[in-house]
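For ligands, and for the atoms within them, numbers begin at 1 and follow the listed sequence. Along the sequence shown, residues carry numbers from 1.
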Amino acid sequence: MEMYNNEKLVIDWDDDDKNYNINGYEKWVSPSNLAIIKYWGKEGNQIPKNPSISMTLSEANTTTTMEWYYRVPDEETVTFFYNEKENKAFADRIVKFLGKVEHMFPFIDDLQFVIHSKNSFPHGAGIASSASGLSAIALCLCKIEQYFFDTLESDEDFYRKASYASRLGSGSACRSVYGGWVEWGKSDVREDFSDLYGTPVSEIHPTFRDMKDTILIASNKEKSVSSTAGHKLMENNDYAEIRYQQAKNRLPELMKALQDGDWATFGKIAENEALTLHALMMSSEDSYILMEPASLQMIELIRQYRKETGHHVYFSLDAGPNIHMLYPADIDTEVRKFVNSKLKKLCQGGKFIYDHVGYGPEYYPNED
Ligand code: PMV
């Protein structure tokens with residue numbers, strides 16, 4: 001199944017390099033994404049049990065600078081600074097991730113890294129920080145490969161490899177390397193859809209190309225059960241098989257709605273997918289609930305607002321308590337009034353993020 005085994009990508013150091021004065025850095029800002037058809041359940045080496053499709057966000061992102069140095073024996077291979085503070089738990093996570101992608105980037109073995117990372121949103125609150133964080137690291141690794149070997153000839157090669165590597169860190173991260181709408185997981189709908197990497201979907205009606213997503217922070221406390229544990233619980237969930245089939249069936253239906261600009265069908269699927277995800281958590285052997293009372297109040301208000309105004313305003317949730325309010329860009333001014341008058345007071349610390357479908361990761365070339 002593996003696509004990359006680049007044994008040749010080994011750095012041929014000369015003696016001067018080994019004086020440890022060789023170094024460089026790569027910098028990316030990579031966005032989070034929100035799945036409308038959710039990936040929940042996996043097998044083997046990060047292979048999803050069902051296809052998923054997401055919108056790439058814009059304002060919810062991670063900025064990562066990955067400095068690399070010639071590796072000095074006995075020194076830490078990864079030093080990680082999160083919001084300028086050293087974070088050993090994150091460093092350990094990255095060391096593990098690098099182990100998983102070493103076969104794709106064998107030069108990792110020769111380098112050590114100092115990583116500076118910051119999120120534009122609270123960590124661990126169910127905005128996919130692993131998607132933005134790990135895709136940013138994978139993109140940096142691809143740039144380092146380019147720097148040393150110039151092997152990723154086309155943009156297609158570059159982003160596909162970045163997506164593939166991101167997937168090995170966190171499944172949903174593989175969708176974050178592209179802008180717009182991105183599918184991940186093999187499906188009868190299109191032959192090029194793969195379990196191994198994300199595929200951008202370009203047949204999207206203009207109304208969904210600049211869709212708004214206002215993220216209402218119902219709580220910013222760390223979630224009690226990680227996504228890794230959540231995926232695992234699907235193995236014994238009585239509803240698992242029927243759920244995987246449901247997602248497979250929904251993919252063509254959602255893709256058609258996205259293509260046709262059909263908000264009603266889109267909204268119905270988006271809300272049902274979000275509630276199904278949380279229902280799966282609640283119905284797992286070790287049941288758990290990630291929604292907060294404020295999440296339910298927000299859902300209620302959104303549905304009421306929709307009924308009263310007739311506006312296409314829908315909600316989704318990720319694996320956390322926060323509400324993603326989805327609506328067309330042309331009613332933004334009106335919806336902002338609704339946010340300020342009704343929803344803001346339910347947000348923890350009055351916090352929310354006005355986000356929208358984004359263009360994908362942004363590279364910041366070296367300044368020197
Ligand atoms: O990528 P992971 O392992 O963190 O899983 C995240 C899954 C959801 O965010 C809940 C859904 C999805 O498809 O992004």
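Between Glu271 and Arg303 there is a salt bridge, with a side-chain nitrogen of the basic residue lying less than 4.0 Å from a carboxylate oxygen of the acidic one. Between Glu273 and Arg243 there is a salt bridge, with a side-chain nitrogen of the basic residue lying less than 4.0 Å from a carboxylate oxygen of the acidic one. Between Glu253 and Lys268, no side-chain nitrogen of the basic residue sits less than 4.0 Å from a carboxylate oxygen of the acidic one, so the salt-bridge criterion is not met.
Between Phe113 and Trp68, the distance separating the two ring centers is not shorter than 6.0 angstrom.
Note: Phe266 and Tyr314 have perpendicular aromatic rings, judged against thresholds of 30 and 60 degrees for the angle between ring planes.
Compare Lys38, Lys42, His231 by their heavy atoms: the one nearest to atom 3 (O) of ligand 1 is in His231.
Heavy-atom proximity to Ser130, at under 4.0 Å, picks out these atoms of ligand 1: 4 (O). Residue Ser170 approaches ligand 1 through these ligand atoms, each under 4.0 Å from one of its heavy atoms: 1 (O), 2 (P), 4 (O). Every atom of ligand 1 with a heavy atom of Ala35 under 4.0 Å away is listed here by number and element: 12 (C), 13 (O), 14 (O).
Both the backbone and the side chain of Ser172 come within contact range of ligand 1, each with a heavy atom under 4.0 Å.
For ligand 1, the polar-atom distance check finds no N/O of Trp40 at less than 3.5 Å from any of the ligand's N/O atoms. For a threshold of 3.5 Å applied to N or O pairs, the pair formed by Arg175 and ligand 1 contains at least one separation below that value.
The side-chain hydrogen bond (donor to acceptor under 3.5 Å, both in side chains) test with Lys38 singles out one residue from Ser316, Ser54, Ser52, Ser172, and that residue is Ser316.
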